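Please read all numbers here as calculations on a predicted model, not as lab measurements. Chain A is the first sequence line, chain B the second, and so forth, proteins listed ahead of strands; every chain is numbered from 1. Side chains are part of it too, since the values below use all heavy atoms of this structure and drop only hydrogens, waters and symmetry mates.
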There are 2 protein chains.
Amino acid sequence: MSDNDSGRAPRKRVTIKDVAKAADVSPMTVSNVVNGKHQFVSERTRKAVEREIARLNYRVQHSARSLRVSRRRSVGMIFVDESPSFLVDHFNAHVVAGLCNVLSTADHTVTVQGIRAGQFNQSSIIRNFAVDGFCVVLSGPPDERNAILNSLINLDQPLVLMQEPIASPNQETCIVRQDDAGGGRLLADHLAARRVGTVLVVVPSQNWPAIDQRVAGLREGFLAAGGDVRIDVVHAETEEFDSARAAVIGYLDRHPLPNAIVGGNDRFAIAAMSILLDRGIAVPERVKITGFNGFEQRRYARPLVTTVISSAYELGERAGQMLLTRFEEGRFPTRELVLPVYFELGETT
Amino acid sequence: MSDNDSGRAPRKRVTIKDVAKAADVSPMTVSNVVNGKHQFVSERTRKAVEREIARLNYRVQHSARSLRVSRRRSVGMIFVDESPSFLVDHFNAHVVAGLCNVLSTADHTVTVQGIRAGQFNQSSIIRNFAVDGFCVVLSGPPDERNAILNSLINLDQPLVLMQEPIASPNQETCIVRQDDAGGGRLLADHLAARRVGTVLVVVPSQNWPAIDQRVAGLREGFLAAGGDVRIDVVHAETEEFDSARAAVIGYLDRHPLPNAIVGGNDRFAIAAMSILLDRGIAVPERVKITGFNGFEQRRYARPLVTTVISSAYELGERAGQMLLTRFEEGRFPTRELVLPVYFELGETT
DNA sequence: CTGTTAGCGCGTTCAA
DNA sequence: TTGAACGCGCTAACAG
C-alpha cells in the first residue's frame with residue numbers, strides 16, 4: 001500500500017509546513033500551489049511541490065482553511081418530516097441527488113438531515129451545521145412551518161425553501177418549487193373532460209404544502225370547468241401504503257363509489273387502486289385513478305396510473321445552482337423559481 | 001422577526017469573546033458553558049452567559065473548534081454508483097436514513113456523495129470531505145472496487161464498508177453487511193421445494209457485491225438441495241425498470257420459459273413479472289417469481305412477490321454505531337458485522 | 001470556580 | 001516569485 005505505514009501509530013497530520021520543508025519552499029508557496037494560484041508559482045517549483053504533496057499524502061485541513069476564509073464550501077439539506085425514513089420518499093431522494101450532483105461539481109459538499117417538526121427548536125443539530133447555506137423542505141401545519149421558518153431565518157444564512165407556496169420573506173431566502181397547483185388543474189381538466197362527477201382525494205395527514213397546492217389546483221380546475229363536482233378528501237394517518245389503504249377502505253365503507261380517486265402522490269393512488277382491484281371494481285371503467293409525481297415506482301402497478309410528472313431531481317439541481325450563485329455573487333439570481341409539471345396519461349383514466 | 005436587523009449589512013460574526021465581554025466573564029467560561037462543562041461554572045454565571053448567548057444569537061464556529069480539537073463530528077457517506085440518482089434506490093435511501101438518525105442523535109452530521117467509479121480517483125471531492133470517518137457502498141468490478149478501496153484506505157480515516165464480502169483489511173476499517181448469500185440460499189430452498197428445474201436470474205450489469213452474493217447463495221442452495229437445476233443469468237444494461245424488462249424479453253425470445261425468475265432485487269423481479277403478465281403467462285402457476293429486499297414499493301405490484309427482506313435501515317444504524325464507538329473508544333467494537341435476512345412469502349411462488 | 005496563555009493549520013498582507 | 005508575521009475562533013493546560 002503506501003510506502004511506510006509499518007506501525008499503526010496515528011501518523012501525525014501532514015501540514016502545509018511539512019510539505020514546504022520537504023520541497024524546500026515557504027508554506028505560502030505550497031498554499032498557492034494547492035489553491036491553483038499558478039500565477040504566483042514557477043512551473044518548476046510547482047512540480048516539486050506537487051511531488052511532495054503526493055509523496056507525503058498531504059491533504060488540506062478544511063477547518064483551518066474555513067476558519068481563515070470563513071467559507072465552508074458546504075450546504076445543509078434539511079427535511080422536516082415525521083418519518084425517520086425521510087429519504088425513502090422518491091421526491092426527497094431525487095432532490096438530494098440533484099442537489100449533491102450540482103454542488104459537488106462546484107466542489108461543495110452536502111450535509112443531510114431529517115428532523116421532526118416537534119424537535120426542530122429543541123435540537124441543536126441545525127445550529128451545529130457547519131455550512132454556508134441551507135436547502136429545506138418543510139412540512140407540517142402552517143403555524144408550525146412558520147415557527148421553523150423563523151428559526152431558519154434567524155440562522156442568518158442563505159436559505160432555499162423547496163416547495164413552499166409563500167413568497168420569499170427576505171433577500172437571504174429564495175423559493176424553488178414546482179407548479180403543483182397547475183398540476184392539480186391539469187388533472188381536473190382531464191377528469192372533467194371524462195365527465196367525472198364525484199372525486200375522492202386521498203392525502204397524508206402530515207401536512208405537505210405541495211400536496212395542499214395540488215388539491216387546491218384540483219378544486220380550482222373543476223370549478224373552472226363548470227359542472228358540479230363533489231370532492232371529498234380523506235387523510236391517511238401516515239405516509240405508508242397500508243395507511244392510505246385504510247383511509248380509502250374507511251371512506252368506501254360509508255360512501256358510494258366515487259367516479260375518480262386522486263392520490264396526493266402516486267403511492268396513494270396505487271394504494272387506492274389496489275383496494276378497487278381487490279374488490280373487483282374495474283379501473284378505469286368504473287373508477288378513474290390519478291396520482292402525482294410520476295417516478296419510476298409507478299411502473300410497478302398495473303394498470304399504469306395517469307399522473308402529473310414532478311421534476312424533483314431538477315428542483316434539487318436548481319436549488320444547488322441558486323445557492324452557488326448566491327455564494328459567488330452575493331445574491332440570489334431570483335427570489336422565486338417555479339418549474340412546470342407535465343400531465344402524463346396512463347391507463348387508469 | 002429578530003429585534004434589530006434593520007439593515008442588510010452583513011452583521012459581523014458573534015464570537016465567544018463578544019459573549020464574554022457582554023457577560024463580563026472570560027472567553028474560557030463561555031466556552032465551558034457552551035460545551036456543557038457545568039462543573040467548572042457556577043449556576044449564576046452560567047445563566048448570565050446563556051442569556052447573552054441567546055441575546056446576541058451566538059453560535060459556535062465549527063471550523064475554529066474543529067481546528068482546535070481536531071474533531072469534525074461528521075461522517076461522509078459515499079455511494080460509488082453509476083447512476084446520478086444514487087439515492088433513489090431504496091436500499092441506499094434506507095442506509096442513509098439509518099446512518100443520519102443514529103449519528104444526529106450523537107450530535108454528528110452526515111455528508112452524502114454519489115460518485116461514479118471512473119471519476120473516483122480524479123475527483124478531489126472525497127479528499128475534500130471534512131469528516132472524521134467514512135461509510136461507503138462500493139460497486140463495480142472487483143479490480144475497480146479494489147482500487148477505490150485502496151484510495152479510501154489511504155485517507156487514513158475510520159472506514160465502514162457496507163455490503164462488502166471481503167474481510168476487513170485493517171484496524172481502521174470495519175465491514176457492515178447483511179447475509180445476502182444466506183438470502184440466496186433461502187430462495188433456492190424455497191424454489192427447490194417447489195420442484196423448479198430451470199431458473200432465470202435477472203441482475204443489473206453494474207456489479208454490486210451484494211447481488212453477486214445473492215446469486216452465489218442461490219447456486220449454492222440449489223446445489224445443496226440436490227436436483228439438477230439449470231440457472232441462466234441475464235444482465236440488464238442499467239438499473240432501470242425498462243432495462244430489466246428488455247433483458248428479460250431478450251432472454252425469452254431465445255429460450256423456453258423458465259420455471260422461475262429470480263430478480264437481483266424486487267424491482268427486477270417486478271419488471272420480469274410485468275412481461276409475463278403482458279403475455280398472459282400465469283404467475284405463479286407457470287412461472288414463479290422472487291425478488292430481494294422487501295421494501296414497501298414491492299406492495300405496488302400484484303401479485304405480491306416472494307422476497308427476502310433486507311434490513312437496510314438497520315444496516316445504516318449499525319454503521320453509525322460502529323463509527324461512533326470508533327470515535328469514542330479509539331477502535332471498532334468488531335471488524336465485521338453481519339445482519340440476518342428474512343424470507344418473506346408472497347403470492348408469486 | 002475563573003482567568004491567562006498559547007497554538008491548532010491556513011491564507012492574507014506586505015515586504016523583500 | 002518567495003518569505004515572515006499575524007490572526008481567524010476556539011479550547012487544553014495550567015495558574016490563581
Side-chain angles (χ1 to χ4, degrees), chain A residues 10-50 52-53 56-74 124 127-132, chain B residues 10-50 52-53 56-74 107 124 127-132 156:
Chain A
R11 317 175 203 168
K12 202 183 164 309
R13 162 150 224 105
V14 179
T15 76
I16 243 180
K17 265 188 193 161
D18 300 320
V19 177
K21 207 172 299 172
D24 198 35
V25 297
S26 85
M28 202 49 240
T29 302
V30 177
S31 171
N32 283 332
V33 171
V34 168
N35 295 314
K37 312 212 165 170
H38 293 172
Q39 336 122 25
F40 301 150
V41 185
S42 71
E43 176 84 5
R44 232 173 54 83
T45 35
R46 201 200 47 170
K47 284 260 168 68
V49 169
E50 278 166 352
E52 290 308 311
I53 284 177
L56 298 174
N57 193 19
Y58 165 80
R59 276 154 289 153
V60 314
Q61 173 84 343
H62 283 266
S63 13
R65 174 188 279 173
S66 295
L67 177 57
R68 187 59 240 231
V69 303
S70 49
R71 185 91 160 64
R72 252 88 26 220
R73 301 193 78 81
S74 162
S124 55
R127 299 171 66 94
N128 280 348
F129 268 42
V131 296
D132 297 318
Chain B
R11 317 176 203 166
K12 201 181 164 310
R13 162 149 226 107
V14 179
T15 76
I16 242 180
K17 266 188 191 162
D18 300 322
V19 177
K21 207 172 298 171
D24 197 37
V25 297
S26 84
M28 201 53 234
T29 300
V30 177
S31 172
N32 283 331
V33 171
V34 168
N35 294 312
K37 313 211 168 173
H38 293 172
Q39 335 122 24
F40 301 150
V41 185
S42 73
E43 177 84 5
R44 233 172 54 84
T45 36
R46 201 198 46 163
K47 284 261 168 72
V49 169
E50 278 166 350
E52 290 308 311
I53 285 177
L56 298 174
N57 193 20
Y58 164 81
R59 274 154 293 153
V60 314
Q61 172 85 342
H62 284 265
S63 12
R65 174 188 283 174
S66 295
L67 176 58
R68 186 59 240 237
V69 301
S70 51
R71 186 89 162 66
R72 252 83 32 217
R73 300 193 79 83
S74 164
D107 221 66
S124 54
R127 300 171 66 93
N128 279 348
F129 268 42
V131 296
D132 296 318
D156 206 28

Which of C:dT2, D:dA4, D:dG9 is nearest the side chain of A:Met28? It is D:dA4

Between CD of A:Gln61 and P of D:dG9 the distance, given in whole Å, is 17 Å

Item to complete: Could you check whether B:Val34 gets within reach of a base, just the sugar-phosphate, or nothing at all, counting any heavy atom under 4.0 Å?
Response: nothing

Residue pair A:Arg72, A:Val131: steps toward the side chain to side chain contact (heavy atoms under 4.5 Å, CB included) verdict = CA-CA 6 Å; A:Arg72 252 88 26 220; A:Val131 296; 5.6 Å; no

All heavy atoms of A:Thr15 vs all of A:Tyr58, minimum pair found to be C-CE1, 3.6 Å

Picking from D:dC10, C:dC10, D:dG3, the nucleotide nearest the side-chain atoms of A:Thr29 would be D:dG3

Closest heavy-atom pair, B:Leu56 versus B:Val14, reported as atoms and distance to 0.1 Å, is O-CG2, 3.5 Å

| field | Phosphate OP1/OP2 of D:dT2: any A:Thr45 side-chain N/O under 4.0 Å | value | yes

Between CG of A:Leu67 and C1' of D:dC8 the distance, given in whole Å, is 4 Å

**Prompt:** So does B:Ser42 get a side-chain nitrogen or oxygen closer than 4.0 Å to the phosphate oxygens (OP1/OP2) of C:dT2?
**Reply:** yes

- Kindly say if A:Ser70 contacts the phosphate of D:dC8, meaning a side-chain N or O under 4.0 Å from OP1 or OP2. no

Atom CZ of A:Arg68 and atom C1' of D:dC8 are separated, to the nearest Å, by 6 Å

note: A:Arg44, atom CZ; D:dT1, atom P; distance rounded to Å ~ 13 Å

Worksheet item: Are OP1 or OP2 of C:dG9 and a side-chain N or O of A:Thr15 less than 4.0 angstrom apart?
Response: no

Separation of D:dC14 atom P from B:Asn32 atom CG, nearest Å, is 16 Å

Closest non-hydrogen atoms of A:Ala20 and A:Ser26, given as atom of the first, atom of the second and distance, are CB-C, 3.7 Å

When rounded to whole Å, the CZ to P distance for the pair B:Arg72 and C:dC8 reads 15 Å

Margin query: When you measure from the side-chain N and O atoms of B:Lys17 to the phosphate of C:dG3, is any distance below 4.0 Å, counting only OP1 and OP2?
Written below: no

Separation of C:dC10 atom P from A:Arg71 atom CZ, nearest Å, is 19 Å

In whole angstroms, the gap separating P of C:dG11 from CZ of A:Arg73 amounts to 12 Å

Per atom distances to the B:Ala64 side chain, the nearest of D:dT2, D:dC10, C:dT2 is D:dC10

May I ask you to evaluate whether B:Lys37 reaches the phosphate of D:dT11, defined as a side-chain N or O under 4.0 Å from OP1 or OP2?
-> no

### Query
Just to confirm, is there a sub-4.0 Å distance from OP1 or OP2 of C:dG11 to any side-chain nitrogen or oxygen of A:Arg65?
yes

Name the nucleic acid region contacted by A:Ile16, choosing base, sugar-phosphate or nothing; use a 4.0 angstrom heavy-atom cut-off, strictly under.
sugar-phosphate

When you measure from the side chain of B:Ser66 to the backbone N and O of B:Arg71, does any donor-acceptor pair fall under 3.5 Å?
-> yes

Which is it for B:Val33 and B:Glu50 under the side chain to side chain contact (heavy atoms under 4.5 Å, CB included) test, yes or no, and what are the steps along the way?
-> CA-CA 8 Å; B:Val33 171; B:Glu50 278 166 350; 3.9 Å; yes

Note: for B:Val69 and B:Ser26 on DNA chain C, the residue whose nearest nucleotide lies more 5' is B:Ser26

